[in-house]
Amino acid sequence: MQINLPEKVSHIISVLKAEGYEAYAVGGCVRDCLLGRKPDDWDITTSADPLSVKRIFKRTVDTGLKHGTVTVLMGKESYEVTTYRIDGVYEDGRHPREVTFTDRLEEDLMRRDFTINALAYNDDTGIVDCFGGLSDLKNGVIRAVNDPEKRFDEDALRIMRAVRFSAQLDFKIEEKTLSSIIKKADTLRQISAERIQTELVKLLVSDSPQKILSLYETGISRVIMPEIDRMMETEQNNPHHMYNVGIHTVETLNNSREWNDRLSRADKRILRLSLLCHDMGKPDCKSTDEKGTDHFYGHAGVSEEIASRILKRLKFDNDTIYKVRTLVKYHDHRDVLTKPKLRRLMAKIGDDLMPLWFILRRCDTNAQSEYKRREKLECIDSCEKLYREIVRDKDCLTLKDLKVDGKDLITCGFKPGRQLGAALNRMLQIVLDDPGKNTREYLLSGELIKELYRETENK
Ligand code: ATP
Ligand code: MG
């Protein structure tokens, strides 16, 4: 079996071999190549110790000398070259206390998490497969290298990595590995929020984001995001729904796959985080009327709060938090079938998020019952048509787009501060209703100015 190694990877491997060492491409890159996927990065494993690697290559960075990793720079590219190593005892389920270097490839492969990640390759030897990784790749199986329980005790993050790989590759988790995940899910508590975030996002932007359901089934969500469990335990007896809140949420993620190839990774990340959180407020907002029908008044606002809390807890950046909050807050806004209303919503959501809002609306609607579904989808279509016209016509949506500014109003005698702000805002409202009025002639006409002055005088 052959892999087409990039030229620079081949070069690093042959230079190390010319110096008398062994060297292989290893881990994720070999796995991805064999699956016909493009690897994110290329890692090299070698019998050479880190100081020798540094001596052999002119341009290097000391990435993790203690752990045996030297980054080798080649032109604009960089490659991690790591010495064969055995991971010592893990102190806290997170870090090996010490690593020992070894000159046996098999020992290095043994420290890796899953059989499909424990494959090595170079052009002379071909594939090195000590743990049945090739057959697991062929059969679509995630299986821990050696005893799964011990492996999860060493590093609990592997519990999430297993589910994440199963979503990315659409693989099944092997039985013993799965039962160990269930048994050890609790130990994910030791893992930092940042590392959990990375895995969660990889799962969500994968081609099978609906596999978020496995987080619930394995007991992982109870530890990292109990809000998911609450959704799973909230029924919605309502003609618009046919699933409980949790399964509905999973279905919205499932529906978002339709846009897999049309969205950037960044957009997918925002959309799917928003879908995950959009109904999280429902358990808190549930009420049941005398006919036994469930209602969830005000849930979008509560979902927004919960989303913000979760994303902060998982150490997401402010820009992400802002975008997800916005989409969650307005996810259920349906009364926007006139241009003035839609313009107001666009002003709140912002240009960049509107395309995601329409996708979110569709994913949400298609995960509800069939009751009035056609009408709902037609509404979204009409709304999108209006939206396109508003964008095409470059209608004024914000104060920035107004043809007059604060200076103009001060010249007309308005007081800077509250009065000025109120007057500009009133003008914006007028123009949101009728963009034809966004002209200096109209907005600075004596009559309107007088009226607005009177209205805002006592602000
Ligand atoms: P991706 O790059 O998509 O995250 P990957 O498998 O390449 O997937 P990396 O984090 O880049 O993952 O790690 C490279 C390799 O290092 C893995 O394929 C695996 O062999 C090993 N590895 C990474 N993290 C762990 C871990 N927590 N426990 C054991 N081995 C690991
Ligand atoms: Mg990788």
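When a ligand or atom number is given, it counts from 1 through the structure's own listing order. Computed from a predicted structure; not experimentally measured.
Of the N and O atoms on the side chains of Y21 and S52, at least one donor lies less than 3.5 Å from an acceptor on the other residue. In summary, the side chains of Q236 and K286 do not present any donor paired with an acceptor at a separation below 3.5 Å, with no hydrogens or angles considered. For the residue pair N117/R31, the side-chain donor-acceptor check at 3.5 Å is satisfied. If you check the side chains of T71 and T63, you find a donor sitting under 3.5 Å from an acceptor.
Taking any N or O of K202, backbone or side chain, at least one lies under 3.5 Å from an N or O belonging to ligand 1. In terms of polar-atom proximity, defined here as any N/O pair under 3.5 Å, R158 does make such a contact with ligand 1. On a distance-only criterion, Q168 and ligand 1 share no N/O pair closer than 3.5 Å.
Here is the list of ligand 1 atoms found below 4.0 Å of a heavy atom in G27: 18 (O). Shown in contact with F165 at under 4.0 Å from a heavy atom are these atoms of ligand 1, numbered in order with element: 6 (O), 8 (O). Short contacts between ligand 1 and R111, defined as distances under 4.0 Å to a heavy atom of the residue, involve ligand atoms 29 (C), 30 (N).
For D41, the N, O or S atom with the smallest separation from the Mg ion (ligand 2) is OD1.
Listed for the D108 side chain is a donor-acceptor partner under 3.5 Å among the backbone atoms of R85.
Applying the side chain to side chain contact (heavy atoms under 4.5 Å, CB included) test between E384 and each of R362, M354, R361 identifies R362 as the sole match. When each of H241, K376, H240 is paired with Q368, the side chain to side chain donor-acceptor pair (under 3.5 Å) condition holds for K376 and for no other.
The shortest contact between atom 14 (C) of ligand 1 and any protein heavy atom is with D43 OD2, 3.6 Å. Scanning the protein for heavy atoms near atom 6 (O) of ligand 1, the closest one is R31 NH1, 2.7 Å. Here the heavy atom of the protein found nearest to atom 3 (O) of ligand 1 is R164 NH1, 3.2 Å. For atom 30 (N) of ligand 1, the closest non-hydrogen atom of the protein is D113 N, 3.2 Å. Shortest contact from atom 20 (O) of ligand 1 to any protein heavy atom: N117 O, 2.9 Å.
Residue-environment remark: CD (E375) exceeds the threshold of 12 foreign heavy atoms within 6.0 Å. Atom CG of D381 is surrounded by more than 12 heavy atoms from other residues, nucleotides or ligands within 6.0 Å.
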- In sequence, state the C-alpha distance, the side-chain angles, and the governing distance for M280 and I310, and then conclude on side chain to side chain contact (heavy atoms under 4.5 Å, CB included). CA-CA 10 Å; M280 277 187 174; I310 291 176; 3.3 Å; yes
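By heavy-atom distance, the residue among S206, G28, A118 lying nearest atom 18 (O) of ligand 1 is G28. The heavy atom nearest to atom 27 (N) of ligand 1, out of those in D41, D87, D155, is found in D155. Of the candidates R37, R151, R112, R161, the one placing a heavy atom closest to atom 16 (O) of ligand 1 is R112.
Aromatic rings from H248 and H278 are positioned such that their centres are separated by under 6.0 Å.
Note on ligand 1: L157 sits outside its first shell, no heavy atom being nearer than 4.0 Å. In this structure, E154 falls outside the shell of residues with a heavy atom less than 4.0 angstrom from ligand 1. The closest approach between a heavy atom of F114 and any atom of ligand 1 is not below 4.0 Å.
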